[in-house]
Amino acid sequence: MKSLLVLCVVCPLAVLCVSGTAEQKLKNCNEVRAVFSSKGLNINDVPNKGVSGASLKVCPQGFSCCTVEMEEKLSQESHTEIKAPVSRLSTNLQTIFKERHNHFDNFFRELLKNAQISLHNMFLRTYGKMYEQNSQLFSDFFESLTRYYVDGSAKMDLDAMLSEFWADLLERMFRLVNVQFEFSDAYMECVSRHTDELQPFGDVPRKLRIQLKRAFIAARTFVRGLKLMPEVFNKVSTVSATPSCVRAATKMLYCPYCSGQVALKPCQNYCLNVMRGCLANQADLDTEWNNFLDAMLSLAERLEGPFNFESVMDPIDVKISEAIMNMQENSMQVSQKVFQGCGTPKLSQSFRNRRSLKETGFANRFRPYTPEARPTTAAGTSLDRLTSEVKRKLKQAKKFWSTLPETVCADGGIAPGDECWNGTAKSRYELHVIGNGLANQGTNPDVEVDITKPHTVIRSQIAALKEMTIWLKTAHSGNEIIENTDDDDGSGEESGSGCDSPSCIPDIYFPNTTPNTNKPRVNPVHSSNSAGAHIRGGVTLALCGLAAALLAPRLR
């Protein structure tokens, strides 16, 4: 009777135990169904209770809330989840540097526009209608500067443009300073040949050429570097995960769900191995990426200092007016030298009377605007402020690619210690953490990576970064690399360095955008200005003619 009583007690307990275990398994699969439903997956693909996982290809076999079909769908989901954080992080920086590129580009273009407006207002106030009739000379000057900013020496020879500008200005002024004479085209050609000796505008043309070149080269190259950054992020973020990466990601992200452990997170080192295998090619960008950013930061220092585009463009109206003053003060001496070298011209038959000083002379000297009076850009900012902001962003972007696995793992949620998913169970991850980069993946225990096949998109971006770094370093020295365009004759075009020091690197010529590892053609930079010449004057006729010389129609 006692035995029967014990049996009656034990049997119900056994039934309850078996029932509890089943209910637990059923509960676990219900949790899995709920989680999958929240991710937008079809819960009908999840079994109501645990089934045999003998046919699973990725997850551990045994009790499972996943079928083979469900595992395949989870693989597709893993592919998306692996790409999502990389795409999000890349898009974030892509947006930041695209905005910075636009800010700098618009700022430089507006500085050019404002400099032209400033000169126009100053000259209009001083010369009135005479300037209006001859303002095209200066409009063409600023149009050429804008072309040089946009296209560089590939499309615009700054030296030739500046020489032509000063020569044109000299011709107009020389004719009007000597209005009593007639000058043939041949005579004016003789004047042009003697400009090196004459230096009618003093040292202004030479100094301005140097300042313009190095400031424009630095500004244009820096903007080009900012433009490259979003392109790199865009192209790299579109690189698809390999099948072995997707398999490893599925095992790490979803196999805990299949075992009913929906709250279990991957072990930290386990996640690092998986992501370093998946992002091995991207990590190889890091060296050239950091070199590129260092070159950008170094050139930014130049933008704040000796190659400051703003400090060159703001007072350009004053610098040109200073050149005109030099011509005014030295007109008599220049004329005498020209007559000695080119011969005395014939008197003009049409010269009958002289205009009064009030009508033709300079009303007053130009005075530079104060910083408060100078026009501001639409952005309402300054180059120093823009540069300070972008330097901070550039520093934050350092080592982005090598730390990407850690960032992705941290964003996705990881667990330290023993309370984590190690790929097969809830336990500590005992395997060694491998290094970054493709070369280290041969020993990756969790992702199969073919280290003999680098990704072509990644390699092309590494090459682009290398090339841009060369451009940046060359610009840092005040020089530029000249690209041969399709319409070039292949003879090469000399470019000024904007650097007046023997220590500066001369211009470097590459046949294409790909750096030449052999011997690039080098042309030395000459700091002399073929259009400059000193002019002194003290005669009333010279002073009267000078103003009209700047602004009168070109006579030939």
Side-chain angles (χ1 to χ4, degrees), residues 115-116 118-120 122-123 126-127 130-131 134-142 144-145 157-178 183 188-213 215 312-342 360-362 364-368 496 498 500 526-539 542-552 554:
Q116 182 175 3
S118 178
L119 183 142
H120 173 81
M122 178 184 285
F123 278 48
T126 304
Y127 297 112
M130 286 194 301
Y131 166 73
N134 297 272
S135 60
Q136 192 62 43
L137 172 65
F138 301 97
S139 296
D140 292 343
F141 172 73
F142 282 100
S144 297
L145 286 182
D157 185 339
L158 185 65
D159 286 331
M161 184 276 288
L162 290 174
S163 294
E164 184 178 351
F165 169 75
W166 294 114
D168 201 353
L169 185 59
L170 170 62
E171 180 178 334
R172 297 182 188 211
M173 295 183 73
F174 186 80
R175 285 181 184 274
L176 270 282
V177 165
N178 299 282
F183 298 103
M188 294 310 300
E189 289 178 5
C190 178
V191 175
S192 297
R193 288 196 299 270
H194 286 79
T195 52
D196 285 342
E197 307 163 35
L198 298 173
Q199 292 190 343
F201 303 109
D203 203 32
V204 173
R206 185 190 68 85
K207 289 182 178 179
L208 186 59
R209 178 185 68 85
I210 293 173
Q211 292 170 344
L212 285 174
K213 276 212 156 185
V312 173
M313 292 310 303
D314 265 352
I316 196 169
D317 49 1
V318 179
K319 293 176 183 178
I320 293 176
S321 72
E322 180 185 343
I324 295 172
M325 293 302 106
N326 289 334
M327 177 75 179
Q328 176 184 357
E329 294 170 359
N330 299 286
S331 57
M332 181 60 70
Q333 288 88 335
V334 170
S335 296
Q336 290 175 351
K337 289 181 180 180
V338 170
F339 296 160
Q340 291 174 1
C342 300
T360 60
F362 287 97
N364 51 56
R365 288 180 178 270
F366 295 135
R367 292 193 300 268
D500 199 33
H526 304 287
S527 60
S528 63
N529 190 321
S530 61
H534 275 2
I535 294 180
R536 297 186 181 277
V539 181
L543 294 176
C544 293
L546 178 60
L550 167 65
L551 305 159
R554 187 172 182 174

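One is the number of the first residue; the rest follow in order along the sequence. What you see is a predicted model, and the numbers here were worked out from it, not measured in a lab.
- Of all heavy-atom pairs between Phe123 and Asp317, the closest is CE1-O, 4.3 Å.
- Looking only at side-chain heavy atoms (C-beta outward), Val177 and Gln328 stay at 4.5 Å or farther from each other.
- To the nearest 0.5 Å, atoms CD1 (Ile210) and CG (Asp203) are separated by 8.0 Å.
- Side-chain N or O atoms of Ser163 include none that pairs as donor or acceptor with a backbone N or O of Ala160 at under 3.5 Å.
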Chi angles and distances behind the side-chain contact (heavy atoms from CB on, under 4.5 Å) call for Lys207, Lys319: CA-CA 10 Å; Lys207 289 182 178 179; Lys319 293 176 183 178; over 6 Å; no

From CA spacing to verdict: side-chain contact (heavy atoms from CB on, under 4.5 Å), Glu171, Val191: CA-CA 8 Å; Glu171 180 178 334; Val191 175; over 6 Å; no

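- Note: Met173 CE to Asn178 CG = 11.5 Å, rounded to the nearest 0.5 Å.
- Partners of Gln336 by side chain to side chain donor-acceptor pair (under 3.5 Å), not counting sequence neighbours: none found.
- Counting heavy atoms from C-beta on, the side chains of Leu145 and Gln116 never come closer than 4.5 Å.
- A distance of 8.0 Å separates OG in Ser118 from CG in Asp314, rounded to the nearest 0.5 Å.
- Interatomic distance, Asp140 CG to Ser135 OG, rounded to the nearest 0.5 Å: 9.5 Å.
- Closest approach of Leu212 to Val312, counting heavy atoms only: CD2-CG1, 3.8 Å.
- Taking CD of Glu164 as the reference point, atom OG of Ser192 lies at 10.5 Å (rounded to 0.5 Å).
- Taking the six-membered ring where the residue is Trp, Phe339 and Phe183 present parallel rings, their angle staying beneath 30° rather than reaching 60°.
- For Phe142, there are no ring-ring contact (aromatic ring centres under 6.0 Å, His included) partners, not counting sequence neighbours.
- In the model, Asn326 has no side-chain atom that pairs as donor or acceptor with a side-chain atom of Glu322 under 3.5 Å.
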Ile320/Val204 under side-chain contact (heavy atoms from CB on, under 4.5 Å): CA gap, chis, key distance, verdict: CA-CA 8 Å; Ile320 293 176; Val204 173; over 6 Å; no

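- Atom-to-atom distance recorded for Leu162:CG and Arg206:CZ is 13.5 Å, nearest 0.5 angstrom.
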Verdict with reasoning, Cys190 to Arg193, per side-chain contact (heavy atoms from CB on, under 4.5 Å): CA-CA 5 Å; Cys190 178; Arg193 288 196 299 270; 3.6 Å; yes

